[in-house]
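Notes to accompany the following structure.
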Protein chains: 2
Amino acid sequence: MTETTTLAELALRRPSRADARRNYDSLIGAARNSFAELGTEAPLEEIARRADVGIATLYRNFPTREALIESVYLEEVLAVCNAAGEVAHLEPWEALLAWLRRVVTYVGAKRVLVEGLNRDSNTFKACRLGLYEAGAPLLERAQAAKLVRPDVAIDDVIRLVAGIAGIGSTTEEQRDRILAIALDGLKRAA
Amino acid sequence: MTETTTLAELALRRPSRADARRNYDSLIGAARNSFAELGTEAPLEEIARRADVGIATLYRNFPTREALIESVYLEEVLAVCNAAGEVAHLEPWEALLAWLRRVVTYVGAKRVLVEGLNRDSNTFKACRLGLYEAGAPLLERAQAAKLVRPDVAIDDVIRLVAGIAGIGSTTEEQRDRILAIALDGLKRAA
DNA sequence: CATATAAGTGGAGGGTTCCTCCGTTTAGCG
DNA sequence: CGCTAAACGGAGGAACCCTCCACTTATATG
């Protein structure tokens, strides 16, 4: 389970001492707000200030800005992975569709974060793998039911969907229309 | 013609005095190199230095970093627009396909620039309109030949393709495969 | 409980980049 | 040739980055 690895990584990086852990959590919270409000270029000193923590504490927990962005990002990804379980009761195609829409919503909202982080980092890779593992059963089920062309893999699908979700300056409605086009391509027999 | 508007805008912003125009061009060149080499966060003072120009001159021509990025970006977009004319001699579907591949190549290569610029800026909007105008005839021709579903507009298509092109950390090969899926959705009858 | 100690903390400060202001220079016109 | 408006360069204050180190505190142990 890659989620386990990911979760373990997060847990491992969380300090063991009580006061340190409190500061760590406070920093993550302050960072989430600051990034949402000011973008990923938000001054780190501002984040430390909001977290009521010295700047050095921020740097000790998150040596680089990217490390901080990643940690905020990680939580969001886990939520999407969990959503895969929540749609399991639906029909194969509906389940896949519902989850992919969830991915779109999520990536759309968090694009700011995604753009700010290093795509080659371990955490980012782990997140991607986590998404693959969460989505793979849904895809395979739909393929087994002959509803989705058999020549695509889950990473193709997620990248396709995530790419569309990441399109800027568009309406909810247009995004849905574009997504529908792409998903039509998915349904088509090979 | 939106390209004309765009071009006119660029021309308008170009200084009229000979020495000023020389500096302006030198700055654009230096910026292109610096962005390619150091990313869009390249120090503006470094760009000014490379252009052999005072920092104030840079700021006078481009009040913000974004304005500078936009100006570099503009040139690239014009090249893609022109490419639409170069494929006109092909069969309808082939022409559309060829041009969309060109868009993908271009967006992929210049993602660094695209990410650095403000998607709500006038210049960016003008570029988008320019791309629409360049691509629309190709799409319409393919639709008239019943090769593309009639319920899509050029902005849908370009956003779809551009979204895929912007996907990070992937191979050329996977990108092509994903693009093929999406374009299959395009071909399908409504 | 006392206390040793390892872990954690805050903020001063040196370095870099940003961006404005203003005194000086120069292109282009009459 | 000389005038003037346009353009120029760079000094310098402010914001931010990140490291270093002297001080504080949680927790394990006797």
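Reminder, nothing fancy here: chain letters follow the sequence lines and each chain counts from 1. Note that the coordinates shown come from a computational prediction; the quantities given were computed from them, not determined experimentally.
- With hydrogens and angles ignored, a donor-acceptor pair closer than 3.5 Å exists between the side chain of Glu45(B) and the base of dC19(C).
- In the displayed structure, Glu46(A) atom CD is contacted under 6.0 Å by more than 12 heavy atoms of other residues, nucleotides or ligands.
- In the interface, the side chain of Arg17(B) is paired with the base of dA6(D) through a donor and an acceptor atom under 3.5 Å apart.
- A side chain to side chain contact (heavy atoms under 4.5 Å, CB included) with Leu160(B) holds for exactly one of Ile158(B), Ile164(B), Val157(B); it is Ile164(B).
- DNA chain C is contacted by both Thr64(B) and Ser16(B); Thr64(B) maps to the nucleotide lying nearer its 5′ end (nearest heavy atom per residue).
- Rounded to whole angstrom, the span from the CG atom of Asn61(A) across to the C1' atom of dT19(D) amounts to 16 Å.
- Thr40(A) and Phe35(A) get closest at one heavy-atom pair: CA-CD2, 3.6 Å.
- Contact between the side-chain N/O atoms of Thr57(B) and the OP1/OP2 oxygens of dA7(D) is not found at any separation under 4.0 Å.
- For the pair Leu58(A) CG and dG8(C) P, the computed distance is 15 Å after rounding to whole Å.
- No side-chain donor-acceptor contact under 3.5 Å links Trp93(A) to the backbone of Val148(A).
- Judged purely by atom type and a 3.5 angstrom limit, Ser26(B) has no side-chain atom pairing as donor or acceptor with the backbone of Arg22(B).
- Taking 4.0 angstrom as the limit, Asn23(A) places none of its side-chain polar atoms (N or O) nearer than this to OP1 or OP2 of dG8(C).
- Side-chain contact between Ile28(B) and Phe62(B) is present, with heavy atoms from C-beta onward closer than 4.5 Å.
- The CG atom of Leu27(A) sits 13 Å away from the P atom of dG8(C) (whole-angstrom rounding).
- Straight-line distance from the CZ atom of Arg49(A) to the P atom of dA15(D): 10 Å, rounded to whole Å.
- With distances taken from any side-chain atom of Ala18(A) to the nucleotides dT27(D), dT17(C), dC17(D), the minimum falls on dT27(D).
- In this structure, Ile47(B) places its CD1 atom 17 Å from C1' of dG9(D), rounding to the nearest Å.
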Every protein N/O lying under 3.5 Å from an N/O of nucleotides 21-24 of chain C:
none

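- In this structure, Arg141(B) contributes its side chain and Ala88(B) its backbone to a donor-acceptor pair below 3.5 Å.
- Atom CD in Glu41(A) sits about 13 Å away from atom C1' in dT17(C), given to the nearest Å.
- Between Arg22(A) atom CZ and dG8(C) atom C1' the separation is 12 Å, expressed in whole Å.
- Distances from the side chain of Arg65(A) to the nucleotides dG8(C), dT19(D), dC17(D) place dC17(D) closest.
- The side chain of Asp19(B) lies closest to dA7(D) when the candidates are dA26(D), dC18(D), dA7(D).
- The nearest whole Å value for the distance from the CZ atom in Arg21(B) to the P atom in dA6(D) is 15 Å.
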